[in-house]
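Single-structure report; data block below.
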Amino acid sequence: MANKDVTDPVRMEKIVSLCKRRGFIFQAGELYGGLNGCWDYGPLGTELKRNLKDYWWRKTVQERDDVLGMDGAILTMEEVLQSSGHIGGFSDPMCDCLLSKARLRADQIDPQDGTVYHFTGASLPETDWKTEKAYSVLQLPGQDEAKVRKTAREYYSQFVKESLMNKKDAIKAIQLEGETTEKVTGTTRYNPANGSLLTEPREFNLMLQTNFGATGEQVAYLRPETAQSIFCQYKNVLDSNRVKLPFGIAQVGKSFRNEINPRNFTFRSREFEQMEIEYFCRPEDGMRLTDEWLETRLNFYAEIGIPRNKLHILDVPDGERAFYSKKTYDIEYEFPFGIQELEGVAYRTDYDLGVHAKGSGRPLEYFDEETKERFLPHVVEPSAGCDRTVLALICEAFDEEELGTDGKSDIRTVMRFMPSMAPIKVAIFPLLKKNEEQVRLSKEIQKQLQPWMNVFYDDSGAVGRRYRRQDEVGTPFCITVDFETLGEETPELKGTVTLRHRDSMEQERLAIDDLLPWLLARVR
RNA sequence: GCGGGCGUAGCUCAGUGGUAGAGCGCCACCUUGCCAAGGUGGAUGUCGUGAGUUCGAAUCUCAUCGCCCGCUCCA
């Protein structure tokens, strides 16, 4: 098990603060108080996320011969989710303890035998407090009747105004009413820890539902994962694209889950984006391909700037995997709030195509021309959380560097994004705002580079401050048009600019004409 | 969903019943020949929201929303 104790809340707070201050991520609906579990990306966050998605798409779909893309509807038919098991099958019935408020999974309570004491209500002598609420307690092994009644009085004490008297005396004084007993066997209605009655088991609604049609009579669900539209269109993709096993279908898009408890900034949100591949293969290749995809995906993270030593691979053991999965790897990252999952690589066997073939009554078998076999392909699913990866990129990039060599403390905040991920690729400054020629040339360079990359122009304040502002949003390169550019004192430097590197703060001179190829080689 | 903490300017926070504050940031001008915090001036607040108590509420009470921590949950 990963060590969850390695957390740094202070660092996380600084990151959240920077995200808001510099326009990476805002809380959704903040103007009206905020919407729990939902987030908006600001200008820079949007660029960052787009860079990630574009890179994933390029590496996963465009640069591979065996993966095709699709973009499915978010609104999903009830039948699809019935077959997949999202309706009915996967949601766990939960009970709450009426006394301790502990939440228990109804299906994990051991059946118990014993005597149950039923009460119809309680009152408090010498006051007008009285309740008709019924309550029951199971006598646990080793408990006497007095203990059972104490438990009941503790329950009723929740409804007594605390101002009546001090709590201990109040509990002792409560009069229980209508006591009867009953022998029960195999009950799961009582908390094994304290004998208290539980609430009725409730199905937690883990999906978001919506309605449409003229009077809103038709029910649809916001998809809980992008995977289901891939499984449902697998046959159409196969028939329309002349592909052979093994092949994959990839999708990037929004999914929605009614998370009970959204936490950790954007990490667990109700609305989130996934980058998923369903890779269809022959049954005998499933295990091997799962391992291969794990390697492919780990390499991907290294390429976008999340080093291998910050990733942890969890080989999910038997019993903790989804029941249909023969093998699952979780790829986890060391977030400041703990080691948490970025991506799951799961071997899902033929479960998904199987349930949809059955649910729809349509054959989904693959016919192998060479071997003349007909079978349901198996599926390996590398499923990455897009917002989680953006958050990992931000956490990984965030750095505070001490520069105070002369005794003064100077902390430089730098987002060390890889150039390919950085929201702004290059910033362009005239050294002096008042020098018209420098301003003119700077804007000319900006126009030259803009068709190729995201460029930012700034002429306010001292140039040092402008450098630092760009450091804080992770711009890898800054270009300064200075007096040498104009060739005023050193004619041989005419037409060159200062190029300043974010990470080292070092500078070099480059000819304006060389800028585009130089940058293009580094920012993609 | 439970328990605890918190919510005042863009950010970090001070302000415990009597005129809404500081530092940083931001904007303008000046200065500035390459790495923040120099000079002058300026803008910015439904004190999270709503009700209540009060002559008067950022301050007290209740509710609600949101954030953080711990449980719980995560197909």
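Letters A, B, ... are given to chains in the order of the sequence lines, protein chains preceding strands, and every chain is numbered from 1.
In this view, A:K443 satisfies the side chain to side chain donor-acceptor pair (under 3.5 Å) rule with no residue, not counting sequence neighbours. For A:D458, the salt bridge (charged side-chain N to carboxylate O under 4.0 Å, His left out) partners two or more places apart in sequence, or in a different chain, are A:R469. Considering only residues two or more places apart in sequence or on other chains, A:T349 meets the side chain to side chain donor-acceptor pair (under 3.5 Å) condition with none of them. Here A:K327 pairs with A:D315 under the salt bridge (charged side-chain N to carboxylate O under 4.0 Å, His left out) rule; sequence neighbours left out. A search for salt bridge (charged side-chain N to carboxylate O under 4.0 Å, His left out) contacts involving A:E484 returns nothing, not counting sequence neighbours. A:R412 pairs by the salt bridge (charged side-chain N to carboxylate O under 4.0 Å, His left out) definition with A:E401, A:D471, not counting sequence neighbours. Residues passing the side chain to side chain donor-acceptor pair (under 3.5 Å) test with A:R388: none are found, sequence neighbours excluded. Residues satisfying the side chain to side chain donor-acceptor pair (under 3.5 Å) criterion with A:R468, sequence neighbours excluded, are A:D410. Qualifying ring-ring contact (aromatic ring centres under 6.0 Å, His included) partners for A:Y234, counting only residues two or more places apart in sequence or in other chains: A:F280.
Residues A:T498 and A:Q507 have side chains that never bring a donor and an acceptor to within less than 3.5 angstrom of each other.
If you check residues 454-464 of chain A against RNA chain B, the residues with a heavy atom closer than 4.0 Å are A:A462, A:V463, A:G464, listed by number.
With distances taken from any side-chain atom of A:R268 to the nucleotides B:rC74, B:rA75, B:rC34, the minimum falls on B:rC74. Of the candidate nucleotides B:rU12, B:rC34, B:rA75, B:rU12 has the atom lying nearest to any side-chain atom of A:S17. Which of B:rC29, B:rA75, B:rC35 sits closest to the side chain of A:K433 comes down to B:rC29. Considering only side-chain atoms of A:K20, the nucleotide from B:rC11, B:rC69, B:rC74 that sits closest is B:rC11.
You won't find any donor-acceptor pair under 3.5 Å spanning the side chain of A:R412 and the base of B:rC35, going by distance alone.
At B:rU31, one or more side-chain N or O atoms of A:K434 fall inside 4.0 Å of OP1 or OP2 (strictly under the cut-off).
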I'd like a table of atom pairs between the protein and nucleotides 63-67 of chain B - only N or O on both sides, under 3.5 Å - with the distance next to each one.
residue, atom, partner, partner atom, Å
B:rG66, OP1, A:N36, N, 3.4
B:rG66, O4', A:G33, O, 3.2
B:rG66, O3', A:Q27, NE2, 2.7
B:rG66, O2', A:Q27, OE1, 3.4
B:rC67, OP1, A:Q27, NE2, 3.3
B:rC67, OP1, A:N36, ND2, 3.3
B:rC67, OP2, A:N36, ND2, 2.3

Name the pairs: protein N/O against N/O of nucleotides 23-26 of chain B, kept only if under 3.5 Å.
residue, atom, partner, partner atom, Å
B:rC26, OP1, A:R469, NH1, 2.5
B:rC26, OP2, A:R465, NH1, 2.9

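Atom P of nucleotide B:rC74 and atom CZ of A:F272 are separated by 15 Å, given to the nearest angstrom.
Using atom P as the reference point in both B:rG41 and B:rC65, the two lie 47 Å apart (nearest Å).
In this structure, A:F335 has its ring center closer than 6.0 angstrom to the ring center of A:F337.
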